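What you see is a predicted model, and the numbers here were worked out from it, not measured in a lab. Chain letters run A, B, ... following the sequence lines, proteins first, then strands; residues in each count from 1.
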Amino acid sequence: MSTSHKNNLNTDQSRAVKHLGGPLLVLAGAGSGKTRIITERISNLISEHNVRPFNILAVTFTNKAANEMKERVYRLAQKEAKNVWIGTFHSTCLRILKRDINKLDGYNRNFIIYDDGDQLKLIKDCMGRLNIGDKLVSPKSARSQIDGAKNKTIGPNDPELREYDKHVQRIYSLYEEELRKSNALDFGDLLHLTVKLLEKNPDVLESYQNQFQYILVDEYQDTNHVQYKIVEMLSRKHRNIFVVGDDNQSIYGWRGADIKNILNFEKDFTDAKIIKLEQNYRSTQTILDAANKLITHNKNRHEKNLHTKNDVGDLINYYEASDDRDEAKHISSQIVNLKKTSDYTYKDIAVFFRTNTQSRLIEEELLQKSIPYKMVGGTEFYKRKEIKDILAFLKVVVNPSDEISLKRIINVPPRGIGNVTINNIDEITRDRGVSFYEAIQIALKEKSISNSVLIKIDRLNKLLTKLIEFPEKDDIVGLINHVLHKTKYLDMLEKEEERRENIGEIINLAVEFQKEREEPTLNDFLDSVSLASDLDNYSENSDQVTLMTLHSAKGLEFPVVFIVGMEENLLPHFNSTINGQVEEERRLFYVGITRAKEKVYLAGAARRMVFGKQQGSIPSRFISELPEELINLETRKFEGSYQSKKAKRSSTITTSIPTRNYQDTGRYKVGQKIVHSAFGEGLIKKVEGSGDDAKVTIFFPSVGGHKKIIASYLEN
DNA sequence: CTGGACAAGCTTTTT
DNA sequence: GCTTGTCCAG
């Protein structure tokens, strides 16, 4: 069986698959058969070396990758393969915590997971209580700093936290306290607490070390410090740690991914071996040459030389559109063309962009031409208001101490409980040190609120009690219907067809969940929903064009790839140009190009709508970093526009000067970069007035937001 | 307390 | 251009 597969492996691939003991790093270039190596190795361990599936752990980054791996492994290594632990870092940690989290002080197994929206709300609440205005730290910035700390396994009381913003320190402490009171974990906790659990409980650590004789990690270049730590601890005993990655595809630096993990693998794991997979089986010679040339502009990387035996193939098309509408029209008509002149089906085609907002126009144009498409990601299903509402009810049923969820639904559908009442209950919460739910009972018992409100609270409390005491909680579908019935939620959505359909969809998901699991529980359902994303349900079956961000494109391949928005400040994104993260943007573009098997179409626009205003732009520096002879330039619309020529051939452009919307105060211009004594580098977004009195709106990455500053204060 | 009107901020990228 | 938050009349 598996021998027949091994026959088509090249020497390096085969060495990797057959590698048995000790740490191994497989540096796998784009399209070199990375996923295949992992799955074949798992099947090889099971069938050739009698390793029990239960003793293998395989970790990926996305559910999509995990599901794909499961499928492939099940196909290769028959039924008992179901016992291999395959999952994302987050789901694996969840599994570990669900078993043993009660061994950590103050935690119990009934916890629920807060997504980033819940997280932000809680942070805002905390900031409100601490009287920290969002001008001092923006809630989002606070969140990313807290996440960052957790990614480095720094807790709210660790001395290392002293290096953080002093406001953030206080927010972090209170935030943690509130999470515990709500019996909730955020995404970061799943990883951070797993490390804590393993560190504080040698017996737990040992049992997992014994279990996981073989550990495989996909996309190792994207691991951050906690993830490294988890892998390192678990593999310490058997030392059979097998990681696969490509430093050229590291695109999650912003989430704490540390490229050093892959660059220093040999140092971290003594007598580590390295195997390089340099043969690409995916792309044409032309595509590969272009990608190789592009990536040489990065300094920070392992030397790799990707080659292929594939045909030369077509040139890379590059279209300079006059504006974003023109760009979208071009894409859609190219797709129509492809359909007419070739055998490509819609599902062979993908369109990638840097930011989700870019999809709108493209969707419009595809719709216009009746081209079927599916948008992956974007406004995610699970983030929709009605879905979050229903889930909030379910979360409260599982865990009444969940304050964020309880507050979410306290007045949904409207039942006359407003901010004043919420604040009153909040006061009880703080005075008595009880949960919000308990505070409601106290208010009722002591009648500490005015009579008219008390009636409403009483009604709410009875509703909650009924839900919490629902006899068959693990009949998830039944419970959802019960919630809908008792709250008359659907009546509220009378005129909102789409939202009602979404409610139907969540019921479908629950039905499916109950069918799939042997012992479906409400709690597991909520967990799986919390860790799920739109990407997971993405299937290649239907014949539709795929639209997605460059980030979501990683790990996929398509015969035809369009990449749009090839402009400075979009790709590379302007935040990155200011923060000196252009190399990561280049890798992102590299990921995009290398998804393509046969054809690559690039496009950029000379003008584009940004924040509802027209903005001029110049071509991305990355265009000029591709070999000129491999590019087929279709039209040149940047020609008439400002600085076009200079931009095309220079690779050091750092500012864009809009052709429209151009405002001149003499010294300050929109698009100009400046350095501020307190906030560091920033980009001017808006200028009002002129001379010393001019108000200049500047985006500072250091504070993660905009500041309005009077021109005369900008002098130094 | 509610709902509508208006203002502000916002857009990287995801588990 | 869209979504979220805030203010005010009813």
- Query: How long is the line joining CG of A/Asp147 and C1' of B/dT13, in whole Å?
  - Reply: 14 Å

- Task: Among the candidates B/dC1, B/dT2, B/dT11, find the nucleotide nearest to the side-chain atoms of A/Val420.
- Result: B/dC1

- Note on the structure: In B/S/- notation (B base, S sugar-phosphate only, - none; protein heavy atoms under 4.0 Å), nucleotides 1-6 of chain C written 5' to 3' is BS--S-

- Please state how far atom CD in A/Gln358 lies from atom P in B/dT11, giving the value in whole angstrom units. 15 Å

- Do A/Glu219 and A/Gln221 have a side chain donor and acceptor closer than 3.5 Å? yes

- Task: Can you sort out the partners of A/Asp402 under side chain to side chain contact (heavy atoms under 4.5 Å, CB included), two or more places apart, ordered by chain and number?
- Result: A/Ile112, A/Tyr114, A/Lys395, A/Asn399, A/Ile404, A/Ser405

- Item | Euclidean distance, atom NE2 of residue A/His225 to atom P of B/dT15 [Å, nearest integer] | 23 Å

- Message: Looking at A/Asp115 and A/Lys388, is there a salt bridge between them, counting it only when a charged N and a carboxylate O are closer than 4.0 Å?
- Response: yes

- Query: Do the side-chain N and O atoms of A/Tyr489 and A/Asp389 include a donor-acceptor pair separated by under 3.5 angstrom?
  - Reply: yes

- Separation of atom NE2 in A/His192 from atom C1' in B/dT15, rounded to whole Å: 17 Å

- Residues two or more places apart in sequence or in another chain: which of them pass ring pair (Phe, Tyr, Trp, His ring centres under 6.0 Å) with A/Tyr590? none

- Specify the separation, in whole Å, of atom CZ of A/Phe353 and atom P of B/dT13. 10 Å

- Query: Starting at the 5' end of DNA chain B and moving along, which residue's nearest nucleotide shows up first, A/Gln581 or A/Asn419?
  - Reply: A/Asn419

- Message: So if I take every side-chain heavy atom of A/Phe187 and compare against B/dT15, B/dT13, B/dT2, which nucleotide ends up nearest?
- Response: B/dT15

- Which part of the nucleic acid does A/Thr88 contact within heavy-atom distance under 4.0 Å: base, sugar-phosphate only, or nothing? sugar-phosphate

- Query: Ring stacking, A/Trp254 with base of B/dT13, under 5.5 Å and under 30°?
  - Reply: yes

- Think A/Asn575 has a side-chain N or O under 4.0 angstrom from the OP1 or OP2 of B/dT13? no

- Task: Specify the separation, in whole Å, of atom NZ of A/Lys554 and atom P of B/dT15.
- Result: 11 Å

- Query: Hey, does the side chain of A/Ser552 come within less than 4.0 Å of B/dT14's phosphate (OP1/OP2), counting only N and O?
  - Reply: yes

- Query: Who are the ring pair (Phe, Tyr, Trp, His ring centres under 6.0 Å) partners of A/Phe622, not counting sequence neighbours?
  - Reply: A/Phe589

- Query: Within this structure, what is the CG-to-P distance between A/Asn67 and B/dT15, rounded to whole angstrom?
  - Reply: 12 Å

- Task: Please list, chain by chain and in numerical order, all residues satisfying salt bridge (Lys or Arg N to Asp or Glu O under 4.0 Å) with A/Arg499, sequence neighbours excluded.
- Result: A/Glu386, A/Glu496

- Task: For A/Asn411 and for A/Arg143, locate the closest nucleotide of DNA chain B by heavy-atom distance; then report the residue assigned to the nucleotide nearer the 5' terminus.
- Result: A/Asn411

- Task: Starting from P on B/dT11, measure out to NE2 on A/His573 and report it in whole angstrom.
- Result: 10 Å

Quiz: residues 453-462 of chain A side-chain donor-acceptor pairs under 3.5 angstrom, not counting sequence neighbours:
residue  : atom : partner  : partner atom : Å
A/Asp458 : OD2  : A/Lys462 : NZ           : 2.8
A/Asn461 : OD1  : A/Gln441 : NE2          : 3.2

- Item | Side-chain N,O (A/Thr62) to OP1/OP2 (B/dT14) below 4.0 Å | no

- Message: Students often get this wrong, so: under 4.0 angstrom with heavy atoms, is A/Phe89 touching a base, only sugar-phosphate, or nothing?
- Response: nothing

- Would you mind classifying the nucleic acid contact of A/Thr421 as base, sugar-phosphate or nothing, using non-hydrogen atoms under 4.0 angstrom? sugar-phosphate

- Task: Return no unless some side-chain N or O of A/Asn356 is found under 4.0 Å from OP1 or OP2 of B/dT13.
- Result: yes

